[in-house]
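A, B, ... follow the sequence lines: proteins, then strands. Residue 1 opens every chain.
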Amino acid sequence: MSLTDGLNIKQSEAVTAPDGPLLILAGAGSGKTRTLTYRIAYLISERYVNPYNILAVTFTNKAAGEMKERVMSLVGDDADRMWVSTFHSACMRILRSNISLLGYDDRFTVYDTDDQKTVMKNVCKRLNIDTKRYKERSILSEISTLKNELIDPAEYEKEVIGDFNKTVYLRCYREYQETLLKNNAVDFDDIIMLTVKLFREYPDVLERYRERFRYILVDEYQDTNTAQFEMIRLLADKYRNLCVVGDDDQSIYRFRGANIRNILDFEEHYPEATVIKLEQNYRSTQYILDAANAVIANNYGRKEKRLWTENKSGKKPVFNQFDTAYEEAEFIVSDIKRHSRSGECGYGSCAVLYRTNAQSRIIEERLINAGIPYNVVGGVNFYSRAEIKDILAYLKVIDSGIDDLSVRRIVNVPKRSIGNATLEKVQDYAESRDKSLFAAMCEASDIPGLGKAASKISVFTDLIAVLRAYRDNGTLGELVERIIELTDYEEYLKDMDDEKADDRIENINELVSKAASFSESRPDATLSDFLEEVALVSDLDNADMESERVVLMTLHSAKGLEFPVVYLAGMEDGLFPGYMSISSGDEEDIEEERRLAYVGMTRAERELIMTAAKARMLRGETQFNPVSRFVSEIPSECIDGYVPRRRNDPGDGYGTRRRVDEMARSFTRSVEKKPAPKPSSGMGSFAAMGIRKGSDKVSAPAELDYSVGDRVRHFKFGAGTVTSIVKEPRDHKVTVDFDAHGVKVMYASFAKLKKE
DNA sequence: TTTTACTTCGTTTTT
DNA sequence: CGAAGTAAAA
């Protein structure tokens with residue numbers, strides 16, 4: 001029995017490819033993750049690569065965790081010594097032990113987008129920049145672009161000459177970086193850029209990591225930006241064992257600096273590279289693939305590939321247009337209900353995907369109304385909610401106190417009657433002595449002109465001192481509880497707004513338990529470790545796809561996931577593709593949206609249902625949008641339901657007055673014709689919409705040919721006895737007591753277990 | 001210093 | 001439409 005059993009020819013070629021650069025072009029659903037995981041296992045068990053020498057980079061922390069676990073179930077706990085993480089976590093780890101070389105204290109913190117905005121606001125104030133002309137947001141996005149391109153202020157200065165706007169950006173960039181440095185903070189982009197800077201300026205450090213990471217594997221390579229590319233290039237240049245996996249058709253992060261050329265030009269960077277294409281799809285039905293292929297074929301400059309499948313043709317994708325977004329939501333919900341009632345599939349098999357987070361609300365309302373359990377992934381990140389950020393700010397101040405931003409955030413929360421006036425005085429004092437704000441506050445009594453305010457401040461500093469004692473003598477969970485207790489935080493929330501207070505308290509409790517479980521799982525971890533984890537974890541990482549709930553999320557979040565039944569809501573020009581990408585005139589923007597459509601469609605295993613609304617409320621006003629061009633790009637033989645014909649000239653005055661009037665007229669006409677859409681009893685019209693009753697079996701995980709008590713054989717661990725099998729929606733978790741290696745828990749689909 | 005009432009403004013997408 | 005920011009009042 002060998003590691004490549006059960007893989008197709010292309011997959012096993014990829015798994016067993018020789019050393020050196022390797023590009024795996026993996027279409028949607030072609031077993032990309034599986035191949036990458038097996039490649040790692042192969043390197044360890046067949047080529048005797050020390051796991052210590054392996055670095056694998058994935059897109060989310062969750063994907064990293066799963067990959068590691070799966071490799072471990074193939075080759076054993078030894079694999080624990082490899083690094084499997086996101087770019088950001090990997091770079092954080094590198095910076096933690098080396099950042100002092102770059103002039104930062106190694107207890108640095110990470111600023112999120114809110115923090116960045118606060119800093120930029122102050123920067124603009126200091127530089128007397130009119131934030132009406134130059135919005136903080138756009139300055140920050142300019143800086144972000146620069147950082148992703150590895151352009152530091154000195155470099156930027158060269159291209160600024162003669163361009164007034166750029167001169168302004170440059171001044172902000174400088175001041176912003178200085179402020180961050182003063183506060184011992186880095187932003188998301190810095191994490192990567194500083195790592196590259198470290199490698200470039202300290203060859204000995206680079207050499208150390210090169211020696212360590214002789215084998216590098218990168219997932220979702222199409223979404224890497226220039227800084228990430230450079231970081232990997234520097235590390236991989238010596239041994240050149242770089243394996244990248246990706247799909248140029250699924251590159252959807254251009255707005256965040258992702259450079260699609262990184263994957264398109266891989267062979268130019270590494271002429272000796274082996275290139276393998278995985279085109280067999282194991283996920284979707286032929287109809288769904290045909291539809292998706294037809295859409296993506298409209299993009300230029302892609303690496304030609306044609307997904308195919310052995311799956312039976314299944315149901316055609318369906319499209320439906322409704323008069324309003326409300327009816328659209330109503331339809332989706334009743335369709336989900338219908339699926340579940342007919343026993344076709346549970347709620348957990350259904351996902352509703354949309355372009356913008358704002359769309360979730362209306363669908364949520366209908367789901368609540370129908371009593372269907374659901375989960376929303378994304379939206380406002382848990383850790384960026386105001387109440388959570390307050391507590392985290394306390395933790396940061398307790399942890400170091402170097403970060404003025406956090407001090408300012410909580411110094412008067414809850415109210416301690418410490419206002420801006422006094423804070424300014426303390427700030428002046430701090431600046432004149434080159435101290436941090438908090439350090440100055442500790443000497444409040446020495447600061448002239450404070451008067452009674454000085455005692456108010458010492459109340460605050462005393463509080464922090466007390467809390468620090470708790471940090472040193474208790475668990476993290478307890479510390480968080482003490483903060484809430486000593487600040488009367490719950491009282492503060494209740495007084496503030498009665499509407500959301502309960503939710504907020506709920507969130508606070510959630511944080512307490514998160515803190516508690518963190519210190520439980522990593523007993524020797526410090527407060528800094530917790531803060532770091534919190535900064536880098538996304539909602540996607542915590543999303544639970546296992547429970548039997550309908551999942552709602554953006555198309556971006558859905559990348560890498562799959563669901564038996566997928567709803568794509570809001571298929572309208574102006575929403576998807578977004579208004580911005582249509583009016584920018586840049587065809588690249590539309591292409592990115594098209595890739596997003598491709599990603600969305602290929603998430604579906606068995607059924608794909610696309611919907612649109614003729615009229616939709618968008619930021620206060622009703623918009624009339626035509627059906628998305630992406631829907632029209634699907635050949636009619638691959639889609640059921642009426643797709644209104646688009647005009648032949650696509651770029652025609654989208655959004656012009658005349659066009660909108662016309663659409664508004666036809667809208668009222670259609671509403672008048674059928675004044676009672678009776679949406680909730682919509683079952684009757686489904687047949688007309690082209691949805692037939694399915695005969696497919698529920699997609700439970702494939703049955704296993706062994707059960708508890710059976711003797712099984714693992715290709716590496718040898719013989720053992722199955723002690724338990726836990727069925728999860730996605731997979732079976734099998735526990736085996738191996739004769740020679742003891743008890744292991746593993747995923748059935750990954751661990752190659754054979755009944756003896 | 002804090003509260004209130006008013007204006008403005010904006011929307012992709014996320015590590 | 002709603003959040004968030006600003007100006008004026010208490």
Q: Just to verify, what does F188(A) make a ring-ring contact (aromatic ring centres under 6.0 Å, His included) with, not counting sequence neighbours?
A: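 Partners of F188(A) under the ring-ring contact (aromatic ring centres under 6.0 Å, His included) test: H88(A).
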Q: In B/S/- notation, 5' to 3', how is nucleotides 1-8 of chain B contacted by protein heavy atoms closer than 4.0 Å?
A: SSS-----
Q: Of the residues in residues 139-151 of chain A, which ones touch DNA chain B at a heavy-atom distance under 4.0 Å?
A: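 Within residues 139-151 of chain A, no residue comes under 4.0 Å of DNA chain B.
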Q: OP1, OP2 of dT14(B) versus side-chain N and O of S557(A): anything below 4.0 Å?
A: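 Result: yes.
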Q: Take atom NZ of K389(A) as the centre, draw a 6.0 Å sphere, and report whether it contains more than 12 heavy atoms from other residues, nucleotides or ligands.
A: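 For K389(A), atom NZ is crowded (more than 12 foreign heavy atoms under 6.0 Å).
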Q: Can you check whether R137(A) has a side-chain N or O nearer than 4.0 Å to OP1 or OP2 of dT11(B)?
A: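 So the side-chain polar atoms of R137(A) do come within 4.0 Å of the phosphate oxygens OP1 or OP2 of dT11(B), strictly under.
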Q: Students often get this wrong, so: under 4.0 angstrom with heavy atoms, is N357(A) touching a base, only sugar-phosphate, or nothing?
A: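 Result for N357(A) = sugar-phosphate.
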Q: Give the stems involving DNA chain B, where a stem is 3 or more consecutive Watson-Crick or G-U wobble pairs (i with j, i+1 with j-1, and so on) under 3.5 Å.
A: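 Result, WC/G-U stems under 3.5 Å: B:1-10 with C:1-10.
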Q: Start at the 5' end of DNA chain B and walk down; is the nucleotide closest to F59(A) or to S581(A) reached first?
A: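 Whichever sits nearer the 5' end wins; that is S581(A).
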Q: Classify the ring geometry of F576(A) against F630(A): parallel below 30°, tilted from 30° to 60°, perpendicular beyond 60°.
A: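 The rings of F576(A) and F630(A) stand perpendicular, inter-plane angle above 60°.
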Q: Nearest 0.5 Å please: distance from the OG1 atom of T33(A) over to the CE atom of M67(A).
A: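 That separation rounds to 5.5 Å.
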Q: Hey, does F576(A) reach any base, or is it just sugar-phosphate, or nothing, if we go heavy atoms under 4.0 Å?
A: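 No contact at all - F576(A) keeps every heavy atom at 4.0 Å or more from the nucleic acid.
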Q: Of D589(A) and D541(A), whose nearest nucleotide on DNA chain B comes first from the 5' end?
A: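 So the residue in question is D589(A).
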Q: By side chain to side chain donor-acceptor pair (under 3.5 Å), which residues pair with N299(A), not counting sequence neighbours?
A: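 Partners of N299(A) under the side chain to side chain donor-acceptor pair (under 3.5 Å) test: R594(A).
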Q: With a 6.0 Å cut-off on ring centres, are Y176(A) and Y173(A) close enough?
A: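 Not close enough - the centres of the two rings lie 6.0 Å or further apart.
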Q: Residues two or more places apart in sequence or in another chain: which of them pass side chain to side chain donor-acceptor pair (under 3.5 Å) with D529(A)?
A: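 T526(A).
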Q: With sugar-phosphate meaning primed atoms plus P, OP1 and OP2, does E592(A) contact a base, only sugar-phosphate, or nothing at under 4.0 Å between heavy atoms?
A: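 Nothing, no nucleic acid heavy atom in range.
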Q: Using a 4.0 Å heavy-atom cut-off across all strands, classify K135(A) as base, sugar-phosphate, or nothing.
A: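 It contacts sugar-phosphate atoms only.
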